[in-house]
Amino acid sequence: MTTIHRIEPGQPIRLNDSSTRGKDYYEGDKATAESEFKAVRDEFIELQPRLYAEGQQKLLIVLQANDAGGKDGTIGKVTRGVNPQGVRVTSFKAPSQEELDHDFLWRIHKAVPGKGLIGIFNRSHYEDVLVVRVHNLVPESVWRPRYEQINHFEKLLNDSGTTILKFYLHISKEEQKERFQARLDDPTKHWKFSLEDLEKRKLWDEYIVAFEDMINHCTTEYAPWYVIPADQKWYRNLAITRVIAHTLQQMNPQYPQNDADLSNIVIT
Ligand code: AMP
Ligand code: MG
């Protein structure tokens, strides 16, 4: 259940052959999925304080998608009810001059979660092999070695106690059109619309190739990609939350013992 969307190292995926429709993976209807989602999210809500109290392990969740792919919505829905004290969300925008003056992982490394924390990346170091590649912001001789550099970086994080989950939210070009249109139709969503998004939409096919290469080059045992069918938000939320809750169960954080004898303490 939690592995159906996980990519295995050495088994490259073709995104255009991979369904964007949650309906293809779920027998029940939307209402059933939503109630299951809430139950699984409750597990997440209960496991997170144990991770925080234990204060040893770290969980990093990376979200990547095309524009309007649902990264913001996923974060809002999946973490609702989780204690914000234990979660750090970082949204990566176009780099500042200072960031550009450093290696591409410099700003990323500063944002990775510390002990007991869950870090969520809304966009990430993968932009440096996505937008940067598709728009020729640097030559191939610079972005191509980044796959290997990223694998080494993620290995370092994993060796230092970080469990890594990477979700690519897979939507169809038609679904993106509908979501852009919804942003245009609703004045409260205008702020989410940018003309740049339309320029990127024209390069849809190039982006798919870049996403595919990112997934196939950077799926490792220690930091796998999950390709989540994301046209239906209710399925996307359920599928991602299942993986997170399951992963936290596997991490099995424990409340620390207090070495002092507390049994005879009287609070005056
Ligand atoms: P949004 O997530 O809609 O707020 O948009 C953030 C923008 O920042 C997107 O257009 C990204 O492609 C862009 N961005 C993020 N990281 C990078 C990067 N490393 N290089 C260039 N552009 C980036
Ligand atoms: Mg945007």
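Just so we're clear, the structure is a prediction, and the values are computed from it rather than from any experiment. When a ligand or atom number is given, it counts from 1 through the structure's own listing order.
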Practice task
Considering only non-hydrogen protein atoms, determine which one is nearest to atom 10 (O) of ligand 1 and report residue, atom name and distance to 0.1 Å.
Solution key: K200 NZ, 2.8 Å
Handout entry: Atom pair CD1 (I13) and CG (L15), whose distance is rounded to the nearest 0.5 Å
Key = 5.0 Å
Fill in the blank from the handout: A student comparing Y126, F193, F92 should find that the heavy atom closest to atom 15 (C) of ligand 1 comes from F92
Practice task
Under 4.0 Å from a heavy atom of V132: give me the atoms of ligand 1 that qualify, with their elements.
Solution key: 20 (N)
Handout entry: Between H125 and F92, ring centroids under 6.0 Å
Key = no
Exercise for the section: Measure from atom 19 (N) of ligand 1 to every heavy atom in E99, R107, K93 and give the option owning the shortest one. Expected result: R107
Handout entry: Between CD on residue E175 and NE2 on residue H170, distance to nearest 0.5 Å
Key = 12.0 Å
Practice task
Mind checking whether R123 contacts ligand 1 via backbone (N, CA, C, O), side chain (CB onward), both or neither, at a 4.0 Å heavy-atom cut-off?
Solution key: side chain
Practice task
Using a 4.0 Å heavy-atom threshold (strictly under), name the region of K192 that reaches ligand 1: side chain, backbone, both or neither.
Solution key: neither
Practice task
Give a yes/no verdict on whether any heavy atom in H125 is under 4.0 Å from an atom of ligand 1.
Solution key: no
Practice task
Anything under 30° is parallel, anything over 60° is perpendicular, the rest tilted; go ahead and classify Y147 against H217.
Solution key: tilted
Exercise for the section: Kindly say whether S172 contributes a backbone atom to a donor-acceptor pair with the side chain of D231 at under 3.5 angstrom? Expected result: yes
Fill in the blank from the handout: Checking heavy atoms under 4.0 Å, the part of N122 that sits near ligand 1 is neither
Problem - Option with minimal heavy-atom separation from atom 22 (N) of ligand 1, where the choices are V131, D67, L100 - result: V131
Practice task
Answer yes or no: is there a donor N or O on one side and an acceptor on the other, between the side chain of T220 and the main chain of A223, under 3.5 Å?
Solution key: yes
Handout entry: Pick from P95, S194, S91, A94: the one approaching atom 8 (O) of ligand 1 most closely through a non-hydrogen atom
Key = A94
Problem - Residue from E99, E98, E127 passing salt bridge (charged side-chain N to carboxylate O under 4.0 Å, His left out) with R107 - result: E99
Practice task
Any atoms of ligand 1 less than 4.0 Å from a non-hydrogen atom of D128? List them with their elements.
Solution key: 19 (N)
Practice task
Could you tell me how the ring of W225 sits relative to the ring of Y126: parallel (under 30°), tilted (30 to 60°) or perpendicular (over 60°)?
Solution key: perpendicular
